[in-house]
Each structure stands twice: as structure tokens, then as C-alpha cells.
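This report concerns only the one structure given below.
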Amino acid sequence: MPELPEVETVVRGLRRCLIGETISSVTIYWARSIARLDPEQFIAQLTGRTVRKVDRRGKWIVVRLDDGQGLLVHLRMTGQLLLEPAPCPDDDYTRVVFNLKSGRRLRFSDMRKFGRLILTDNPGDVLDELGPEPLGEAFTLERFEHMMAERRGRVKSLLLDQRFLAGLGNIYVNEALWKARIHPLRPANSLSSGEVAALYRAVRSTLHAAIGEGGTTLENGNFRQADGAAGEFASQLLAYGHEGEPCPCCGARIERITVGQRGTYVCPACQPSPAAES
DNA sequence: AAAGCACCCTGTACGC
DNA sequence: TGCGTACAGGGTGCTT
């Protein structure tokens with residue numbers, strides 16, 4: 001499931017190979033992948049455009065075009081943006097294909113059809129709703145302390161809320177909370193300043209490490225880099241997906257609980273439950 | 001503000 | 001074999 005490190009990895013791949021490319025034609029196989037615009041408008045407005053920049057904001061891929069428009073791509077669960085040579089077979093899940101003047105093509109594949117493409121003059125309409133970038137300079141420990149202090153919801157749900165903090169998903173929230181030894185059900189404003197600092201460091205170090213490995217490709221193979229390669233961070237996941245296995249820190253068995261309808265992995269010893277404490 | 005749920009989808013894993 | 005069902009997940013939108 002693409003989260004910040006996976007999206008960053010895709011963006012870096014596209015930045016290397018897509019900038020300067022001109023779109024010669026667009027084919028849409030699943031119209032609902034396109035949000036806001038009719039497929040005909042989407043095609044008409046993209047044909048002939050040249051890619052100027054590729055950026056990331058949260059889990060959004062932001063492709064800046066020569067006419068000032070932005071193509072926003074959200075991969076959701078199973079989306080992939082693949083840059084390929086033109087004579088290349090589609091998979092069963094190809095939803096949109098951008099043919100490029102160089103002869104290559106950019107293909108949007110998405111098994112579960114949750115991904116979305118938005119072409120807009122005002123990317124801010126979408127991106128300004130997001131919380132701070134966890135790896136950005138503006139996201140200081142001091143700011144995080146203030147953010148946490150005024151919220152009393154469950155810390156895990158809060159970290160997953162893209163308006164609170166942009167880019168985290170279920171995998172990295174699980175890892176960061178385990179690393180910081182904080183139970184996911186703890187109210188955000190119940191964390192000590194030491195715990196907030198540990199969580200801040202855990203979030204950032206986990207994201208940096210995952211980006212360094214090119215993201216996480218689980219056994220289902222859902223995530224692919226822009227060149228089709230897998231990410232290598234899965235072997236470094238210490239809690240996520242490890243139900244019943246010994247905690248790498250203390251040896252207790254990792255448990256799987258549900259928080260906000262999401263699978264959640266905790267070490268009962270390292271991450272004491274708030275209910276058990278009170 | 002917080003929490004729950006239905007929805008959007010489909011592959012996988014299960015029970016019978 | 002094969003059918004039916006539950007589940008997984010990010011985000012949106014609605015209700016409580």
C-alpha cells in the first residue's frame with residue numbers, strides 16, 4: 001500500500017525519466033479513475049502538454065505541466081505509475097495510458113480501482129487540506145508537541161488522518177508506534193513529552209529508512225517503483241504483519257488488534273495498553 | 001472533536 | 001469443484 005516512502009520512491013523515478021516528456025495521446029480504460037473531469041476533457045487538456053516538474057505532497061504525486069496545470073495522482077491501495085518502453089503489454093489492471101513523444105509511455109495500473117487522477121489548475125484545492133509533511137523543515141518537534149497537546153483522540157487514528165499529518169499509512173504508523181513504545185489507543189494528549197519526542201523521532205527515522213530502501217513491497221506485490229522494481233523495506237518491518245511472532249525488542253508475542261477498523265500490531269509488553277494502566 | 005460505518009473494488013482465504 | 005462470505009486497505013462522506 002503506497003504511503004509516503006513508496007510515493008516518494010515513485011516520484012524520484014519519474015523525476016529522473018519523465019521531466020521534459022510530451023504527452024502525445026492518452027487512452028482511458030476505466031473512466032472512474034479520472035476524478036472531476038470527463039474523460040474527453042481530461043484527454044483534450046493533457047494531449048500535447050510537456051512535463052515540467054514532479055513533486056510529492058503527502059501521498060499525492062504532483063506532475064506539473066507546461067501550461068500551469070497539475071496532474072495529481074493518488075495510488076490508494078494498488079495503484080502503480082509505470083514508465084515503460086512503448087511496445088509493452090498491458091496488464092489486466094491497466095486503467096490509463098499516457099503515450100509519450102519519445103516513444104515510451106506512462107501507464108497507470110490499479111487492480112482495485114481505488115486510485116484517482118485529478119487534472120486541475122489549482123492543485124492547492126486538494127493539497128492545502130493536508131497536514132504538514134513529516135519530513136519537512138516546518139514539522140519541528142515543538143510543532144508536533146502543540147499538535148498532539150490539543151487532541152484527545154487515539155494517537156493511531158490521528159497519525160492516519162492526512163489533515164493532521166500527511167503521508168503516513170497503516171504500515172508506518174504501526175512501525176513508528178512500536179518503535180516509540182506507545183500503544184495505538186493512547187489519547188494523543190496523554191503522551192508525556194518524552195513519548196512525543198520518541199514518536200517524532202520514530203516517525204521520521206522510519207520514513208527515512210523506508211525511502212532509503214525504495215519503499216515496502218509486501219508479498220502481494222502491490223507496490224512497484226516507476227521502473228517496476230520492488231521496494232526492499234519489507235524485511236525491516238519489525239511489528240507490522242508479525243502477529244504471534246516474538247517482539248524483536250523484548251520477545252513477547254506481537255498481538256493483532258483492531259483500531260478504527262484497521263489491523264494494528266502491538267507488543268503487549270513494550271506498548272502497554274492505556275486500559276490496563278488505569 | 002471524536003468515533004463508527006458504508007462505500008468504493010477485487011484477490012485471497014476460508015467454511016461448507 | 002465450487003459457491004458464498006469475510007477480509008484487507010485509504011480516503012470520503014455521512015451519522016451519531
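Heavy-atom basis, side chains included; hydrogens, waters and symmetry copies ignored. Below, chain A is the first sequence line, B the second, and so on; all start at residue 1.
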- Item | Position toward the 5' end of DNA chain B (nearest nucleotide), Q261(A) or Y93(A) | Q261(A)
- Which nucleotide sits closest to the side chain of K113(A): dG10(C), dA8(C), dT10(B)? dT10(B)
- Task: Could you verify whether a donor N or O on one side chain and an acceptor N or O on the other, from Y240(A) and T216(A), lie under 3.5 Å apart?
- Result: no
- Within the pair H74(A) and dG10(C), is there a side-chain N or O less than 4.0 Å away from OP1 or OP2? no
- In whole angstroms, how far is the C1' atom of dG10(C) from the CD atom of E3(A)? 9 Å
- Task: For F114(A) and dG10(C), say yes or no: do the ring centres fall under 5.5 Å of each other while the ring planes differ by less than 30°?
- Result: yes
- Task: Return the 5'-most residue of the pair S157(A), R32(A) with respect to DNA chain B, ranking by each residue's nearest nucleotide.
- Result: S157(A)
- Query: In whole angstroms, how far is the C1' atom of dA8(C) from the CZ atom of R256(A)?
  - Reply: 8 Å
- Message: Any side-chain N or O of Y240(A) below 4.0 angstrom from OP1/OP2 of dG9(C)?
- Response: yes
- Message: Between Q236(A) and E213(A), is the side-chain contact (heavy atoms from CB on, under 4.5 Å) condition met? List the steps.
- Response: CA-CA 9 Å; Q236(A) 296 178 42; E213(A) 296 296 328; 3.3 Å; yes
- Take the protein atom CD of E243(A) and the nucleotide atom C1' of dA13(B), then report the distance between them rounded to whole Å. 15 Å
- Message: At 4.0 Å (heavy atoms only), tell me whether M77(A) reaches a base, stays on the sugar-phosphate, or touches nothing.
- Response: base
- Against the side chain of R76(A), the closest entry in dG11(C), dG4(B), dG9(C) is dG11(C)
- Tell me what R262(A) touches on the nucleic acid: a base, only sugar-phosphate, or nothing, going by heavy atoms under 4.0 Å. base
- Message: Taking the ring of F139(A) and the ring of Y200(A), is the distance between their centroids below 6.0 Å?
- Response: yes
- Item | Rounded interatomic separation in angstrom, taking CZ from R154(A) and P from dA1(B) | 17 Å
- Item | Sidechain N-carboxylate O distance under 4.0 Å for K101(A), E21(A) | no
- Task: Ignoring the backbone of R151(A), work out which of dA1(B), dG9(C), dG11(C) is nearest its side chain.
- Result: dA1(B)
